[in-house]
Structure formats: C-alpha cells, structure tokens
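Here is the structure we will look at, set down as structure tokens.
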Amino acid sequence: MTTMTAATTATAGAREAVPAGTAAGAVSGAAFSDVDETLIHMKSMFRFLAFHLRRRGEPPATYERLADGLRAAARRGEPREQVNRRYYRLLAGEPVGLLERSGRSWFAHEQAQPGGPYVPEVARELRAHRAAGRSVVLLSGSFFACLQPVAEDIGADHALGSRPVVRRGLLTGEVLVPMIGAAKGRAVELSAALRGFDLAACSGYGDHSSDLPLLGAVGRPVAVGDDPELAAHARRHGWRRLASGGRA
C-alpha cells in the first residue's frame, strides 16, 4: 500500500460544540490537522517502532539503538525530511500486511493507556467539525501503519502521510515524498482544489514551525502547544492558539 486510505465514518455520539468561527451548517471548508503532538500526544513513528520491534521479539536495546541513530541525525541538524527518510530505511523488507496489523495492535495498546492517545482539545474540535458536516483530513510525516487506526477512530475522511515505496508487498526502505513542511501546504491546496473546499473557510491545526505551510494555507489556523517559533508567528498574525500540546 502506498497511499493513506480514507476513514469515512464519523465518531459515533459526537456532541461537542462547533469550534469558534465555524458557522453551523457551513460545509464548504474542511479541517486539516497534523497528527503527532497535535492530535495525539506522542511521536507515532517512534512509539510504533518500539511496539513493533517488541512484538517481533526484539530486545529493548534494538529499539534504543535505532531511535538513538535518528535522534543523533536530528541533533546534527539534518532536515526533518532526511530524518524521515532514515526512519523508513529501517523498515526495508517489512510486509505491508504485517505493518498494518501491527499498527492496529499498537493503537489499541495506546488507547488502553491512562488518558488515552489524544490531545483532548484538538480531538474535541475535530469531532465537532465532523458533527458539523465538515471533512477532516490528517497530514503527517508518519505512515499508513500509524495513521489508519487514528483516522478511523477520530472519523477522518482522509489521512495523507509519507508514502513508503512498496514492491511485491514489501517496503523498499525508500519514500516518495515525506509529508513534512512545504509538502503539507501543497497537500492542503491540492485537497482543496480536488474536493472543492474553500480554503478561507478551512481550519488547520499544527504544533511545530514545520507546520507553518499547512497553517498558512487555510483561513482559520490554530497553533497547538508552545513551540517558540510557531507561537511567535501565531501572535504576530493573530492566530488562535490551543495551550495543550504534545508531550515529549
């Protein structure tokens, strides 16, 4: 599988109030949201990798070694897009079906933890968008194994993530386009053009300065958490803010 699939059923029983600035019955827009540390309070790729390796019988030291390599690359100043590509090289040779099953088990495990996986304020607003009849689109540098169960649970219409290259049902370790930075902004604009959304009526949620292209593409951006660069930008431009962000 090389694309993120749609989860078309809204979360049952959603009764939250529509977010401020969203008129009841207005469905010309959509809500676009980052996932890691915006909608969920964790870095899904790291948490999934740890879970998947444990499930495969690997010792904890295997995850620590691989994760330390990714963190070291980030500390050296490698662009997020390159660190993203490094991650998927770790999954070379993994079967798509196995990753999908592992992803569902991983998310069920996260849901069973105290407090659950979500940043409550963002989850509440996305469910309210769905209750108002607006489409919800998730965008993330993560991939199908992590995004599919989140999208289905929150009631998202689409989840657009980094697209690992697949040959004969196995990941090659390469990625077509990491869904990070400018790629998120382009994805928002393309989604709006294809589905007829009015970008001025669209909402966007992000927690990091790399989400600025996403947030800048919509008329109702919401900065989540306390990333200094994003918070400063939000103050300068009068964007709405949600204080609760992800936990490291």
Side-chain angles (χ1 to χ4, degrees), residues 19-22 29-47 67-88 117-126 129 136-143 146-147 150 154 156 159-162 175 177-192 199-248:
T22 303
F32 295 91
S33 181
D34 173 54
V35 177
D36 290 6
E37 300 186 308
T38 297
L39 173 58
I40 60 176
H41 64 68
M42 64 197 73
K43 294 184 183 296
S44 65
M45 294 160 64
F46 281 86
R47 292 283 274 265
D68 284 349
L70 296 171
R71 294 185 186 113
R75 285 194 299 270
R76 290 194 300 270
E78 281 194 20
R80 279 192 162 205
E81 293 84 349
Q82 294 306 313
V83 177
N84 189 262
R85 290 184 182 278
R86 281 180 177 272
Y87 177 90
Y88 292 108
Y118 292 113
V119 174
E121 296 84 353
V122 178
R124 189 179 303 120
E125 293 209 1
L126 293 186
H129 283 295
V136 172
V137 181
L138 306 182
L139 301 102
S140 175
S142 194
F143 73 127
C146 303
L147 297 180
V150 176
I154 204 69
L160 309 176
S162 295
V175 176
V177 178
M179 186 59 73
I180 292 175
K184 286 184 179 178
R186 291 192 295 269
V188 169
E189 292 169 353
L190 182 59
S191 293
L199 281 172
C202 289
S203 300
Y205 299 81
D207 75 295
H208 188 266
S209 59
S210 63
D211 294 321
L212 283 170
L214 182 167
L215 298 173
V218 300
R220 297 169 181 168
V222 182
V224 180
D226 55 5
D227 176 71
E229 186 177 343
L230 177 59
H233 191 94
R235 283 192 297 270
R236 285 196 303 272
H237 294 272
W239 291 358
R240 190 161 69 89
R241 295 182 62 194
L242 288 177
S244 295
R247 296 198 297 267

Verify side chain to side chain contact (heavy atoms under 4.5 Å, CB included) between D36 and H208, making sure each step is shown before the conclusion.
CA-CA 10 Å; D36 290 6; H208 188 266; over 6 Å; no
Under the 3.5 angstrom rule, does the side chain of S162 hit a backbone N or O of G141 as a donor-acceptor pair?
yes
Looking at every non-hydrogen atom in both residues, tell me the closest pair between V122 and L242 and how far apart they are.
CG2-CD1, 4.0 Å
What are the two closest non-hydrogen atoms of G161 and L147, and how far apart are they?
CA-CD1, 3.7 Å
Starting from the C-alpha separation in whole Å, work towards a yes-or-no answer on side chain to side chain contact (heavy atoms under 4.5 Å, CB included) for S33 and V136.
CA-CA 8 Å; S33 181; V136 172; 5.7 Å; no
Assign the ring pair Y87 / F46 to parallel, tilted or perpendicular, where the plane angle (0 to 90°) is split at 30° and 60°.
tilted
Identified side-chain contact (heavy atoms from CB on, under 4.5 Å) partner of L39 from the options I154, V119, D207:
I154
Once you round to the nearest 0.5 Å, how far does [atom1] of [X] lie from [atom2] of [Y]?
X	Y	atom1	atom2	answer
E189	C202	CD	SG	11.0 Å
E125	R240	CD	CZ	4.0 Å
F32	R220	CZ	CZ	13.0 Å
H237	L215	NE2	CG	11.0 Å
L214	M179	CG	CE	9.5 Å
E121	L126	CD	CG	12.0 Å

Pair L230-D211, side chain to side chain contact (heavy atoms under 4.5 Å, CB included): steps then yes or no
CA-CA 8 Å; L230 177 59; D211 294 321; 5.5 Å; no
